[in-house]
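The model shown is predicted, which means the values in this text are computed figures rather than measured ones. Whatever order the structure lists them in is the order used to number ligands and atoms, beginning at 1. All values below were derived from every heavy atom in this structure, side-chain atoms included, with hydrogens, water molecules and symmetry-related copies excluded.
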Amino acid sequence: MQKRILVTGSTDGIGLETARMLVSRGHHVLLHGRNPSKLEEIASTLSGLPGGGHVESYVADLSRMAEVEALAKAISDNHVRLDVIINNAGVYNAPEAVTTDGLDVRFAVNTIAPYLLTRRLLPLLEPSGRIINLSSAAQAPVDPKALRGDVPLSASAAYAQQSKLAITMWSCDLARSLGDQGPAIIAVNPGSLLGSKMVKQAFGIAGGDIRIGAEILCRAALEDEFAAASGKYFDNDAGRFGSPHPDALDPGKCRKISEHIDAMLA
Ligand SMILES: NC(=O)c1ccc[n+]([C@@H]2O[C@H](COP(=O)([O-])OP(=O)(O)OC[C@H]3O[C@@H](n4cnc5c(N)ncnc54)[C@H](OP(=O)(O)O)[C@@H]3O)[C@@H](O)[C@H]2O)c1
């Protein structure tokens with residue numbers, strides 16, 4: 001059955017490959033990017049693929065919360081139902097570390113924007129729906145002051161890691177609070193050091209095959225094995241569900257992360 005699937009950050013790397021696979025398999029994919037001309041070119045390429053899928057395009061810079069709100073509104077204006085959201089867009093190195101909202105760009109794009117987008121689009125998802133959140137093997141304890149943008153940190157691995165533990169933690173918290181009433185919310189490490197633009201820039205290496213990451217996102221979005229996985233963490237380095245950082249297994253700590261984000265967005 002054709003599914004309606006939003007893939008954020010579908011203009012490059014794992015997101016682009018995931019969108020390509022989904023369209024080829026006949027699904028209706030809502031593409032998203034921050035660069036209008038890059039997005040337009042990709043939409044044109046993907047819409048010509050065999051397989052019977054459809055595409056539509058949405059532009060938004062996810063480092064700006066006003067644009068996240070506008071993206072959610074545009075999608076809600078066009079659709080009464082979505083089957084899957086894949087919160088894939090992410091950033092590691094960036095020319096500007098601090099956003100116009102005064103946040104660190106990694107926390108803004110990797111943690112807070114997907115939280116806001118998910119919250120706004122939740123009414124479009126039925127309990128059979130899924131929200132797939134891109135985590136990482138790299139996870140380090142979250143400093144709430146850094147999350148709020150009060151502590152300037154370098155673009156170090158540790159900082160990027162904090163944003164990935166934070167999205168894993170709010171995923172666990174939202175899954176717990178929605179229970180059976182909401183879609184499945186699943187955090188996925190797509191595999192480490194897959195050869196995307198991000199990995200090449202951050203580590204200066206070619207990296208592995210990004211299709212490894214795209215395949216697991218397609219499975220998480222579509223396959224029955226993920227239907228009852230809400231609140232779980234899939235570690236694609238191990239090829240199975242696994243344990244995230246211990247902080248993500250602590251319901252109280254996960255709740256606090258959601259509360260910090262809610263307070264910032266209020
Ligand atoms: N590659 C890995 O080994 C690996 C490992 C663990 C987790 N991940 C996660 O996988 C996800 C995809 O990463 P990738 O490796 O495929 O990286 P990538 O090739 O750099 O792709 C990142 C995507 O996010 C978009 N993006 C970045 N900043 C944005 C912003 N401010 N607003 C809107 N879109 C923005 C990019 O848009 P542009 O095309 O305009 O740049 C691009 O489409 C990320 O969440 C990453 O943290 C990757």
Side-chain angles (χ1 to χ4, degrees), residues 6-21 29-43 46 57-72 85-101 103-117 132-139 155 157 159-168 171 187-217 220 233-238 244:
L6 167 65
V7 184
T8 70
S10 40
T11 46
D12 220 316
I14 297 168
L16 171 56
E17 191 53 37
T18 303
R20 194 193 316 273
M21 287 180 183
V29 179
L30 282 66
L31 303 169
H32 155 264
R34 59 181 160 175
N35 177 332
S37 55
K38 191 172 176 181
L39 182 62
E40 195 181 326
E41 200 180 314
I42 280 159
L46 297 196
S57 306
Y58 294 87
V59 178
D61 181 342
L62 300 186
S63 70
R64 298 163 180 254
M65 294 309 130
E67 293 198 25
V68 180
E69 292 277 14
L71 171 63
I85 299 172
I86 303 180
N87 281 311
N88 163 80
V91 64
Y92 194 111
N93 288 328
E96 296 293 337
V98 180
T99 72
T100 49
D101 296 323
L103 300 169
D104 180 279
V105 70
R106 284 152 288 268
F107 272 127
V109 176
N110 303 352
T111 307
I112 300 165
Y115 180 90
L116 180 57
L117 188 63
I132 311 302
N133 286 337
L134 269 285
S135 182
S136 165
Q139 301 173 10
Y159 191 46
Q161 288 159 7
Q162 287 189 37
S163 73
K164 287 297 177 184
L165 179 56
I167 189 172
T168 308
S171 302
V188 175
N189 162 30
S192 295
L193 299 177
L194 305 178
S196 64
K197 161 166 64 69
M198 178 191 288
V199 160
K200 286 172 187 153
Q201 285 173 355
F203 304 106
I205 57 166
D209 187 345
I210 56 169
R211 286 175 299 183
I212 293 168
E215 280 291 2
I216 193 60
L217 295 186
Y233 167 71
F234 190 91
D235 177 4
N236 205 33
D237 289 326

Task: Residue pair Ile212 / Asn236, side-chain heavy-atom distance below 4.5 Å - done: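 Yes, their side chains come closer than 4.5 Å.
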
Need the list: ligand 1 N/O atoms against protein N/O atoms, distance under 3.5 Å, rounded to one decimal.
from: ligand 1; atom 1: 1 (N); to: Leu194; atom 2: O; distance (Å): 3.2
from: ligand 1; atom 1: 1 (N); to: Ser196; atom 2: OG; distance (Å): 3.3
from: ligand 1; atom 1: 3 (O); to: Gly191; atom 2: O; distance (Å): 3.4
from: ligand 1; atom 1: 3 (O); to: Leu193; atom 2: N; distance (Å): 3.0
from: ligand 1; atom 1: 3 (O); to: Leu194; atom 2: N; distance (Å): 2.7
from: ligand 1; atom 1: 15 (O); to: Ser196; atom 2: OG; distance (Å): 2.5
from: ligand 1; atom 1: 16 (O); to: Ile14; atom 2: N; distance (Å): 2.8
from: ligand 1; atom 1: 20 (O); to: Lys197; atom 2: NZ; distance (Å): 3.3
from: ligand 1; atom 1: 20 (O); to: Met198; atom 2: N; distance (Å): 3.4
from: ligand 1; atom 1: 24 (O); to: Gly90; atom 2: N; distance (Å): 3.3
from: ligand 1; atom 1: 28 (N); to: Arg34; atom 2: NH1; distance (Å): 3.4
from: ligand 1; atom 1: 31 (N); to: Asp61; atom 2: OD1; distance (Å): 2.9
from: ligand 1; atom 1: 32 (N); to: Leu62; atom 2: N; distance (Å): 2.8
from: ligand 1; atom 1: 37 (O); to: Thr11; atom 2: OG1; distance (Å): 3.3
from: ligand 1; atom 1: 39 (O); to: Thr11; atom 2: OG1; distance (Å): 2.7
from: ligand 1; atom 1: 39 (O); to: Lys38; atom 2: NZ; distance (Å): 2.7
from: ligand 1; atom 1: 40 (O); to: Arg34; atom 2: NE; distance (Å): 2.9
from: ligand 1; atom 1: 41 (O); to: Arg34; atom 2: NH2; distance (Å): 2.8
from: ligand 1; atom 1: 41 (O); to: Lys197; atom 2: NZ; distance (Å): 2.7
from: ligand 1; atom 1: 43 (O); to: Gly9; atom 2: O; distance (Å): 3.1
from: ligand 1; atom 1: 43 (O); to: Thr11; atom 2: N; distance (Å): 3.4
from: ligand 1; atom 1: 43 (O); to: Thr11; atom 2: OG1; distance (Å): 2.8
from: ligand 1; atom 1: 43 (O); to: Asp12; atom 2: N; distance (Å): 3.4
from: ligand 1; atom 1: 45 (O); to: Asn88; atom 2: O; distance (Å): 2.8
from: ligand 1; atom 1: 45 (O); to: Lys164; atom 2: NZ; distance (Å): 2.8
from: ligand 1; atom 1: 47 (O); to: Lys164; atom 2: NZ; distance (Å): 3.0

Open item on the list: Once salt bridge (charged side-chain N to carboxylate O under 4.0 Å, His left out) is applied, what residue pairs with a partner in residues 9-19 remain, sequence neighbours excluded?
Closed with: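 Qualifying pairs: Asp12-Lys38, Glu17-Arg20.
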
Open item on the list: Take a 6.0 Å sphere around CD of Glu67 and say whether it holds more than 12 heavy atoms from other residues, nucleotides or ligands.
Closed with: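 Atom CD in Glu67 is packed in, count exceeds 12.
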
Task: Of all pairs that satisfy side chain to side chain donor-acceptor pair (under 3.5 Å), the ones with a partner from residues 199-216, not counting sequence neighbours - done: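 The answer is Arg25-Glu215, Asp209-Arg211.
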
TODO: Report the C-alpha distance between Asp101 and Thr99 in whole Å, list the side-chain angles of each, state the deciding distance to 0.1 Å, and finish with yes or no for side chain to side chain donor-acceptor pair (under 3.5 Å).
DONE: CA-CA 5 Å; Asp101 296 323; Thr99 72; 4.6 Å; no

Open item on the list: Which residues pass the salt bridge (Lys or Arg N to Asp or Glu O under 4.0 Å) test with Lys197, not counting sequence neighbours?
Closed with: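 Lys197 satisfies salt bridge (Lys or Arg N to Asp or Glu O under 4.0 Å) with no other residue.
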
